Protein chains: 2
Amino acid sequence: MTSVATAQDLRAEQRTFDILALVRVAFAEKGFDGASMQDLARAAGMSVGNFYRYFPSKAAIVEQLIAHDLAEMEGHFAEIMTSPFPLLTLKQQVALQIQLHQECVDGQIWAEITAAALRKPEIAQAADRMEASITANLMQVFARETGLPLAEITKRFQSHASYIVLLVKAASMQAPRAPEARDALNTLILNTIDQMLAEVARASLKVK
Amino acid sequence: MTSVATAQDLRAEQRTFDILALVRVAFAEKGFDGASMQDLARAAGMSVGNFYRYFPSKAAIVEQLIAHDLAEMEGHFAEIMTSPFPLLTLKQQVALQIQLHQECVDGQIWAEITAAALRKPEIAQAADRMEASITANLMQVFARETGLPLAEITKRFQSHASYIVLLVKAASMQAPRAPEARDALNTLILNTIDQMLAEVARASLKVK
DNA sequence: GAAAGGGAAGTGAACGTTCATTCATTTCTT
DNA sequence: AAGAAATGAATGAACGTTCACTTCCCTTTC
């Protein structure tokens, strides 16, 4: 009764998806507060009036944007979990994500979310949900890799997961630099992440 | 001729300093774009008209705010350089700064600067100046500690310095968490920083 | 010491612009 | 024909900035 998805609903959902991708660029260029509804509608290729048929308010767009990113993130983790060597796949994914975020507007968006989360409670909640989801997924990966119970993994490595999230975010938000400087910095960051993951892996070796 | 500082000038400068401290809170609460001139003037305890006697525009306030932070930073480094064990003092200062930033509005302001720097070239320049100053100072500390020439230090450890800056910034910008989670995360961050500094120190041991 | 002058400090209403949001209307799609 | 999709002008509030004006404080003059 509640979720009878008609073809129309699906099409509308897809449309919203597409609009979010376009709007993201406008937000990246002007910031959440700096981008006007005119800017956003123009970026989406439609009039202001029609734009309001898809989002009830400006604040709602931001929330849906974050929710969209969360869904994408969970998709990546689904891939990782189906891989035969989750920790290794995770490591590769992280390196790839950092690279991708740096060369598109994602880093910009995350900087905006980070700043906004510190002043607007609703955005803080959305960002918290995102972080909680990622760390929970990381706990799953760690548990799968080590064979240890989720409770123990959580107790010992939750902060490791938070640290990895912090590092990936910080790496994404970096201002552009000379390629060699950027690569050197990325290497250091990835080294730290590897170290964190190695500590997790070491926990499983004791069992073996 | 150019810089005959009258008592009046000094008083005005001090006033600007005080206003910046007040305005910082308003910016932290509403963001650079979100805070209106009315908000800022109210935070400074004066009328809008009078506020414009101290700053020619909203953009100018932000630039002066960053310049102010840069000056403060350089003051800290001056202290560090006069210490008998610069690297040790640096380590303590970093731990202290992270703690201080987390419990006042500084982290909020840095999140705002980070986001704004990615879209506004003037702010990007100001932020670059800040990063360049900090890394240059770190190079001085490293050179002093290891006895190696500045050129070699720069070649080998510039990225280490950038990484330390990134970590301190990221730590400051963290959303509030449960105390034990925050402490665990801070420990991991400080461990990484210690590691970077240890690598620098190791370079000097070879000489001894 | 009182009066007068002058410039800094401070005010808040006013200006033109832009903002988020609404809605009567038109154009597509089926 | 009917409902979904799309338009853009209209609305009132809020924006950054300006400005004519008042108040304060200190120096000079008598």
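Not measured: the values here are computed from a predicted model. Per chain, numbering begins at 1; letters A, B, ... match sequence-line order.
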Ranking dG8(D), dT17(D), dT21(C) by distance to the side chain of Tyr52(A), first place goes to dT21(C)

Check Arg156(B) with Glu199(B), please: is the shortest side-chain N to carboxylate O separation under 4.0 Å?
no

Spacing of Asn50(B) atom CG relative to dC24(D) atom C1', expressed in whole Å:
12 Å

What's the CE-P distance between Met46(B) and dT11(C), to the nearest Å?
7 Å

Candidates dT21(C), dT17(D), dA6(D) - which lies nearest the side chain of Met37(A)
dT21(C)

For Glu131(B), is there an ion pair with Arg177(A) - N to carboxylate O distance below 4.0 angstrom?
yes

Kindly assign one of parallel, tilted or perpendicular to the pair His160(B) and Phe157(B), based on the angle between their ring planes and the thresholds 30° and 60°.
perpendicular

Once you round it to whole Å, what is the distance between C1' of dA13(C) and CD of Gln38(B)?
11 Å

To the side chain of Ser36(B), which of dC15(D), dC19(C), dT7(D) is closest?
dC15(D)

Figure out the NZ/C1' separation between Lys58(B) and dA14(D), and round it to whole Å.
11 Å

Please give, in whole Å, the distance from dT7(D) P to Tyr54(A) OH?
9 Å

Expressed as a whole number of angstroms, how long is the span from Arg53(B):CZ to dT17(D):P?
17 Å

